[in-house]
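See below for the structure under consideration.
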Amino acid sequence: MYGPPHMGHVRGPVVFDVLRRYLEFLGYKVRHVRNITDVGHLLGDGDEGEDKLGKQARLEQVEPMEVAQTYTVAYNEMCRQMNVLPPGIEPRASGHIIEQIEMIESIMSAGLAYEVNGSVYFDVLAYAKTRDYGKLSGRVLEDLIAGVGNEARELEGQDEKRNPNDFALWKNASPEHIMQWSSPWGKGYPGWHIECSAMSRKYLGDVFDIHGGGMDLLFPHHESEIAQSTACTGHNPAHFWVHHNMITINGQKMAKSLNNGILADELFSGNHPLLAKAYSPMTLRFFILQAHYRGTLDFSNEALQAAEKGLQRLMNAAAQVSKLPVSDTSEYNVADILNACERSMNEDLNTPQVIAKLFEAARVCNSAADGKLKLDRSAVEALNNLFQTWLHGILGIQTEEKGNEAALDGVLQMLLTMRADAKASKNYTLSDEIRNKLTELGFSIKDGKDGSSWSL
RNA sequence: GGUCGGAUGGCCGAGAGGCUAGGCACGGGUCUGCAAAACCCUCUACACCGGUUCGAAUCCGGUUCCGACCUCCA
């Protein structure tokens with residue numbers, strides 16, 4: 001958390017929110033933990049090894065914790081806008097230094113880590129003697145050791161390691177390093193992977209059901225998490241590892257060098273050279289769910305606008321279900337759609353298929369509204385249930401409350417103008433009718449010297 | 001170079017041996033004072049080259065292209 005939320009951050013929360021909602025729909029009690037990385041880690045890419053939080057803190061002239069806090073708040077706000085349910089627990093790495101140290105000690109006493117100059121490294125080769133390192137990501141340790149093609153990379157701190165594949169559990173901090181804590185090995189800070197292992201273990205136990213994340217974290221992060229936890233507890237910490245794929249923009253990966261990074265706020269405001277217009281948080285959510293989570297997802301104006309229009313169609317249909325004419329007979333079996341939705345979700349969370357089914361339901365609604373299809377009471381109720389449960393409940397798509405205030409005021413002003421015109425032409429029947437109708441609806445109209453005003 | 005994942009109609013995106021999702025756009029129509037919405041119809045695609053099969057977008061082999069990851073950092 002050292003920068004504002006951008007398109008690369010957007011997919012995970014939505015995908016896992018739908019997973020959570022679906023599990024809850026199935027009757028499971030879900031404990032959702034989402035951790036915040038707020039301890040400094042070294043900056044790569046040949047930079048002088050300054051930690052990212054510290055660097056950002058220096059640039060903004062604030063405390064590192066302020067940086068983390070600012071962007072955590074921004075991230076959560078983005079999630080709220082996209083109707084992502086807040087996690088049950090949101091632990092911070094900096095608040096779990098003790099747990100991380102304890103875990104490191106436990107790994108050391110198992111003989112799978114060693115200390116060098118105040119830093120502690122995980123001994124991958126020792127671990128691999130009895131366990132499989134690289135299984136999750138399909139890596140073969142021998143290939144990793146060979147490291148073909150990477151000889152040219154100058155990596156920091158390599159000389160301290162017994163083996164290049166070893167990774168840091170604890171790093172010795174130089175005095176000028178802003179974030180540091182006392183430990184059995186001196187002043188320092190935890191390695192990247194250990195925070196997740198320590199926090200998930202604390203709140204979810206030695207073994208829990210599902211661990212999520214982006215595909216980019218598969219190796220080495222999650223692989224190392226498995227190794228650490230296994231070294232401590234003897235178990236792979238998660239029964240299932242769920243990885244979502246990455247996002248591309250106009251067919252290209254999002255990268256600083258390509259200058260195609262789009263911030264969440266830029267998407268919502270349309271304030272970016274690559275964006276033809278603003279796209280709402282719900283459009284974004286719907287757009288994400290129209291693709292399967294394991295495939296790459298490509299952002300383009302055309303694709304986003306297609307999603308926006310499609311979503312509108314779906315919402316229109318859902319909104320009119322309660323007003324559908326009811327017949328004695330039914331020409332459509334809604335249960336088929338409900339069953340298909342559940343089947344699709346059980347098939348590796350296939351939200352695009354669920355959405356396709358919802359569009360089918362929308363067509364049914366529209367046909368019924370047009371009087372071209374007969375639906376009986378139970379069919380209409382089933383349709384209502386379908387949209388409530390699936391569109392709003394599980395997919396988490398809700399009506400957006402954008403600009404309602406301004407629109408309402410515009411409508412009232414228009415009516416007041418029409419009433420003023422009626423009064424001017426002495427058409428008091430019409431002017432009174434407007435006021436009476438508005439009063440009936442709960443508005444109070446006050447005529448003043450400078451025209452009329454309204455309140456609700 | 002290695003590992004893994006991709007390539008589907010104008011665009012986005014499901015599917016995974018026969019039943020040829022869905023959305024958006026385009027075109028035609030119904031409706032309509034005009035417009036919009038809605039509805040109906042139309043548009044039959046699976047990177048390339050071989051092979052297996054009665055039948056391949058789907059399986060096998062090869063080729064090309066794209067992406068992620070590849071010991072630090074997140």
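Note that the coordinates shown come from a computational prediction; the quantities given were computed from them, not determined experimentally.
Taking the P atom of each, B:rG10 and B:rU44 are spaced 10 Å apart, rounded to whole Å. B:rU63 sits 25 Å from B:rC69 when the P atoms are compared, rounded to a whole Å. Of the P atoms belonging to B:rC66 and B:rU8, the separation is 14 Å, rounded to the nearest Å. Here, B:rC48 and B:rA56 have their C1' atoms 16 Å apart, quoted to the whole Å. B:rG28 and B:rA21 have their C1' atoms separated by 24 Å, given to the nearest Å. A gap of 34 Å separates the C1' atoms of B:rC11 and B:rC70, to the nearest Å. Nucleotides B:rA36 and B:rA47 have their P atoms positioned 38 Å apart, rounded to a whole Å. On the C1' atoms, B:rC46 is 22 Å away from B:rC54, given to the nearest whole Å.
In this structure B:rC65 sits in a base pair with B:rG6, meeting the Watson-Crick or G-U test at under 3.5 Å.
Classification of A:Asp17 and A:Arg285 as a salt-bridged pair holds, one side-chain N sitting under 4.0 Å from a carboxylate O. Electrostatic pairing of A:Lys357 and A:Glu360 counts as a salt bridge here, judged by a charged N lying under 4.0 Å from a carboxylate O.
With B:rG22, B:rA14, B:rA68 as the choices, the nucleotide that has an atom nearest any side-chain atom of A:Met246 turns out to be B:rA68. The side chain of A:Ser367 has B:rC40 as its nearest neighbour among B:rG23, B:rC40, B:rA68. In the set B:rC39, B:rC72, B:rA14, B:rC39 carries the atom at the smallest distance from any side-chain atom of A:Lys372.
Across the protein-nucleic acid pair, A:Leu311 atom CG and B:rA37 atom C1' stand 16 Å apart, rounded to whole Å. The interatomic distance linking A:Asn366 (CG) with B:rG23 (P) rounds to 11 Å, in whole Å.
Nearest-nucleotide positions on RNA chain B place A:Glu302 closer to the 5' end than the other of A:Glu302 and A:Leu217. The nearest heavy atom of RNA chain B to A:Ala307 and to A:Gln290 marks one nucleotide each, and the one closer to the 5' end goes with A:Gln290.
An OP1 or OP2 oxygen of B:rA25 is reached within less than 4.0 angstrom by a side-chain nitrogen or oxygen of A:Lys309. Here A:Lys171 does not reach the OP1 or OP2 of B:rC72: none of its side-chain N or O atoms lies under 4.0 Å away. Distances shown here put every side-chain N or O of A:Arg313 at or beyond 4.0 Å from the OP1 or OP2 atom of B:rA37. Regarding contacts with the backbone of B:rG15, every side-chain N or O of A:Arg294 stays at 4.0 angstrom or more from both OP1 and OP2.
No cation-pi contact links A:Arg162 to A:Tyr121, judged by a cut-off of 6.0 Å to the six-membered ring centre and 45° from its axis. Note that A:Lys277 lies in the cation-pi zone of A:Tyr279, set by a 6.0 Å cut-off to the ring centre and a 45° limit from the axis.
Counting non-hydrogen atoms of neighbouring residues, nucleotides and ligands closer than 6.0 angstrom, the CG atom of A:Asp348 exceeds 12 such neighbours.
Defined by atom type and a distance below 3.5 Å, a donor-acceptor pair is present between the side-chain atoms of A:Ser94 and A:Asp38.
Residue contacts shown for A:Asn316 are absent, as no nucleic acid heavy atom lies under 4.0 Å away. The residue A:Ala356 sits close to a base: some heavy atom pair falls under 4.0 Å.
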